[in-house]
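Heads up, the thing below is written out as structure tokens.
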Amino acid sequence: MNAMFSTALSGLQAAQLRMTASAHNIANVATAEFRPQQVTTEALPDGGVAAVVSSGEATGTDLVTEIVEQLAAGQAFRANAASLQRAADTVGTLIDTLA
């Protein structure tokens, strides 16, 4: 059970980090020589994902790319929230069955 919760929580955290980095990039769209932040993710061996923020190579923010990133991060957040809810429902059902 714990793996289901930790996997969903790490996905939520990664999606939030993606949203935050994208918002930071949009806020700095007019900043000269600004290097947009990028979030890279890596699957963990025991489940879940690790996310790391780094500065991009090129300067300037592409608003279309950032809007797509915001939409994708929002969708990932909702999917992981649904997984977390299903895990909680499963635990509740098991407790009800054992009680």
Side-chain angles (χ1 to χ4, degrees):
M1 277 308 139
N2 192 27
M4 291 190 324
F5 286 107
S6 63
T7 298
L9 285 173
S10 72
L12 284 169
Q13 291 168 336
Q16 180 63 47
L17 192 58
R18 288 173 58 192
M19 189 72 77
T20 300
S22 181
H24 175 74
N25 293 344
I26 291 169
N28 285 286
V29 71
T31 303
E33 300 301 315
F34 175 72
R35 293 184 185 272
Q37 293 181 341
Q38 298 174 335
V39 177
T40 55
T41 56
E42 181 180 331
L44 298 174
D46 294 332
V49 63
V52 177
V53 177
S54 61
S55 292
E57 298 293 323
T59 59
T61 299
D62 179 29
L63 287 178
V64 173
T65 299
E66 296 304 330
I67 290 170
V68 170
E69 178 62 14
Q70 293 263 319
L71 292 170
Q75 198 66 2
F77 194 90
R78 285 186 289 281
N80 282 288
S83 294
L84 189 60
Q85 183 62 54
R86 293 299 111 23
D89 291 346
T90 301
V91 169
T93 300
L94 286 172
I95 290 171
D96 290 346
T97 301
L98 296 173

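- Legend: salt bridge (charged side-chain N to carboxylate O under 4.0 Å, His left out) pairs involving residues 48-61, not counting sequence neighbours: none detected.
- In the hydrophobic clustering (ILVMFWY side chains linked at under 4.5 Å, chained through shared members), Leu71 is joined by Ile67.
- For Gln13, the side chain to side chain donor-acceptor pair (under 3.5 Å) test picks out no residue, with sequence neighbours left out.
- Among pairs with a residue in residues 61-73, those fulfilling side chain to side chain donor-acceptor pair (under 3.5 Å) read Arg18-Glu69, Ser22-Glu66, Ser22-Gln70, Asn25-Glu66, Asp62-Thr65, at least two apart in sequence or across chains.
- The stretch residues 31-50 participates, sequence neighbours left out, in these ring pair (Phe, Tyr, Trp, His ring centres under 6.0 Å) pairs: His24-Phe34.
- Under the salt bridge (charged side-chain N to carboxylate O under 4.0 Å, His left out) criterion, no residue pair touches residues 19-32, with sequence neighbours excluded.
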Side-chain donor-acceptor contacts of residues 39-54 below 3.5 Å, not counting sequence neighbours, with atom names and distances?
none

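- As a member of the Ile/Leu/Val/Met/Phe/Trp/Tyr network built from side-chain separations under 4.5 Å, Leu63 groups with Ile26, Val29.
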In residues 73-86, what donor-acceptor pairs under 3.5 Å come from side-chain atoms, sequence neighbours left out?
residue	atom	partner	partner atom	Å
Gln75	OE1	Arg78	NE	3.4
Gln75	OE1	Arg78	NH2	2.7
Arg78	NH1	Gly74	O	3.4
Asn80	ND2	Ala76	O	2.8
Ser83	OG	Ala79	O	3.2
Gln85	NE2	Asp89	OD1	2.8
Arg86	NH1	Ala82	O	2.9

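- With sequence neighbours excluded, the residues that form a side-chain contact (heavy atoms from CB on, under 4.5 Å) with Ile95 are Val91.
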